[in-house]
Amino acid sequence: MNVKERDEWLKALGACFPNLTTGAMSSACAAVAEEGRWEASVRGGELTAAGLRFQPARRGAPRLDATWDLTTGRPIGGAPFSPAAPGRRVRFKAGLFGEPALDKVIADFAALCPVDSMVLREVGWSLVLASPPRWPLFARCDIAAVFTPSASQLALFLLDRRVSELSFDGEALWAHCGG
Amino acid sequence: MKTLDERRWIYGGGLSPEWAWVVKRRRELALEALARIEKQYAKAAPAGVRKRRYAAGMRYFLKTKSPERDRLAVHPCFDYWLDLHARHFGAPAQESDWHLQFGLFQSFPAALALARGDRLDLDATADPDGRFFFYGTPKFLQAAPRAELSLAIAGGKLAVNGKPARFETLAEAVPGIVADDRGWLMVHGVTMHGLVGLSEAERERFGAVLNQAFRDLAERDPGLHAEMRDMVFSLVPLKNPVEHGSVSSSYVNLRGAIALSHAEDPVLQAETLIHEFCHQKMNQLLVVDPVLLPGQGGQVFYSPWRADARRLRGLLLGAHAFLNVARYLATSLSRETFPEAQHIELMVNVALRLNQVEAALKALTGYGAFTEFGRRFVMGMWSETELLRHAILWFPPALLEEQAAVAAAHRRKHALGDTGYHKSAEHVDKVRRAAFLAPKEDDAPAAKEAA
């Protein structure tokens, strides 16, 4: 397990969002004894939530998806551990959504930041990026406009880290960032 | 023509074949759009609308291939008419809207037939202010708002509803460029600043100062002047409510119109004309090359000019416009003797603009993704900025230092650190920073705490 990577994210979260009660979450994180990748997640719109995600290398292993309410500082939802979210992974191609406006935004985005694959879920979807762009370059894209209201705040947290995946959970767009 | 030469687009390149090619492409797109509209009209116009002879005007305009028609197809009101159609006729429209839209269009074929001496009979509609314009000329008719007009044109003469027409005229700042505070298709889209209705004497003065500005431009920047005379048809006077030096705007759907407030200073008016014209020129260039790859409007960046933020496209347009302004002012300073206060003011203006252009180019090159032409264009602007530094080596060093400090203070206030990101007014820096030996007063609270 990349403990340093995990601790780096917890430290960054704690530094940028002093309200967060990360103690319990730290313990939960420590329980993940798998090889995998730690990522921070930020939600679009007003800056009201951020998260820490563990993507296990082993298929079917528990994954961690913890999110915090940045206003109260408390974790959102119940147990942060869950099986890998079900979904259908497909090779990315333009026009997958069948909605011209959305397809255009995503096609423009894919031209700037190539997309490897797409995970389609019952509610929502994810775009897995082929060569993750650094946050400041990702943020210039039209699709990232939902992060604009908190751009300067997020820039302090995410620095020049890379955006590996975008997901839409049915309500908001999330950007997941690796090291 | 396949490859654009960035050097002729950074500054005024005159009426070169490349310029003509871009204008031709714009014209082709406009005429293609009109041909589509004509077809849609034939299919979808209500019976009451089709009774009027609007189709005759569209047909005549589309089939009369001539230099006069080609000029009218790139008139700002033609731009705006197409834009209005795109915005309002995608969904079912009321019959009165059809009459207004297609009745107003007849201004173009009527002006064309008058200029060519052709015979043409058509029906038209006066605009909601009760005027009917003959674009490309300063002439217009006065009528009742939305009046139905029956036009008979032959041998360069016009009869309206069976009587010889009595034309009124707009003032021209220079031949072919009118000062227009009345044309509905011209002023309806001017939304950024308040319009102002001028008295006859004020109109004359507005035009006279602009005339002087054009004459100065012809001598100091002939390339830009030639382009401006080719592209600009109308100057729309604006209100200057709080007595700023100048207010101005231009619009992507009104290419060829510049809106600006009156000022008595021809140098200021020339500066404003150059600034807005550069935006227009870039908007026209878009028809052949977007410069910035599409899809990069998601983030707001630090604007070296104002307290609010700009998208990458805004930084590109701003850098281009202010580079041109700075060069023009530097040329003016070297060719004309100004009163001392104005002389200093102009030097300050050039020095400040140069720092601002550099800041914009820094963000553009740091964050933007460009077309092949776009890369050459931005690199070319960097080069020209550096060369302009040489042109002003004779400026007092203290003045240059002062303006560098002014630009740096603006950056400290509105940029996130030394990045190109805009620091919003709500931004609160609570991040604990690495300690430094001697934290300064304006360091973040968290940094003080850490120290």
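These values consider heavy atoms only, across backbone and side chains, with no hydrogens, waters or symmetry-generated copies. Chain letters run A, B, ... following the sequence lines, proteins first, then strands; residues in each count from 1.
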- prompt: Is the count of non-hydrogen atoms from other residues, nucleotides or ligands lying under 6.0 Å from Arg87(B) atom CZ greater than 12?
  reply: yes

message: With chain B as the partner, which of Ala144(A), Pro149(A), Ser150(A), Cys141(A) has the greatest number of non-hydrogen pairs under 4.5 Å?
response: Cys141(A)

- prompt: For the residue pair His422(B) and Ser152(A), what are the closest heavy atoms and their distance?
  reply: O-CB, 3.5 Å

field: Spatial distance of atom CG (Asp142(A)) from atom CD (Gln296(B)) [nearest 0.5 Å]
entry: 8.5 Å

field: Shortest non-hydrogen contact between Leu416(B) and Ala155(A), atoms and distance
entry: CD2-CB, 3.4 Å

- prompt: Of all heavy-atom pairs between Tyr421(B) and Ala139(A), which one has the smallest distance, and what is that distance?
  reply: OH-CB, 3.1 Å

message: For the CG atom of Leu156(A) and the OG1 atom of Thr419(B), what is their distance to the nearest 0.5 Å?
response: 9.0 Å

- prompt: Shortest non-hydrogen contact from Gly366(B) to Leu137(A)?
  reply: O-CD2, 3.6 Å

message: Holding to ring-ring contact (aromatic ring centres under 6.0 Å, His included), I want the full list of residues that pass it with Phe168(A), two or more places apart in sequence or in another chain.
response: Trp125(A)

field: Residues from residues 27-43 of chain B approaching chain A under 4.5 Å (heavy atoms)
entry: none

message: Can you give me the closest heavy-atom contact between Arg140(A) and Tyr367(B), atom names plus distance?
response: NH1-O, 2.5 Å

- prompt: Are the side chain of Thr148(A) and the backbone of Gly298(B) linked by a donor-acceptor contact shorter than 3.5 Å?
  reply: yes

- request: Any chance you could measure Gln299(B), atom CD, to Trp135(A), atom CH2, to the nearest 0.5 Å?
  value: 8.0 Å

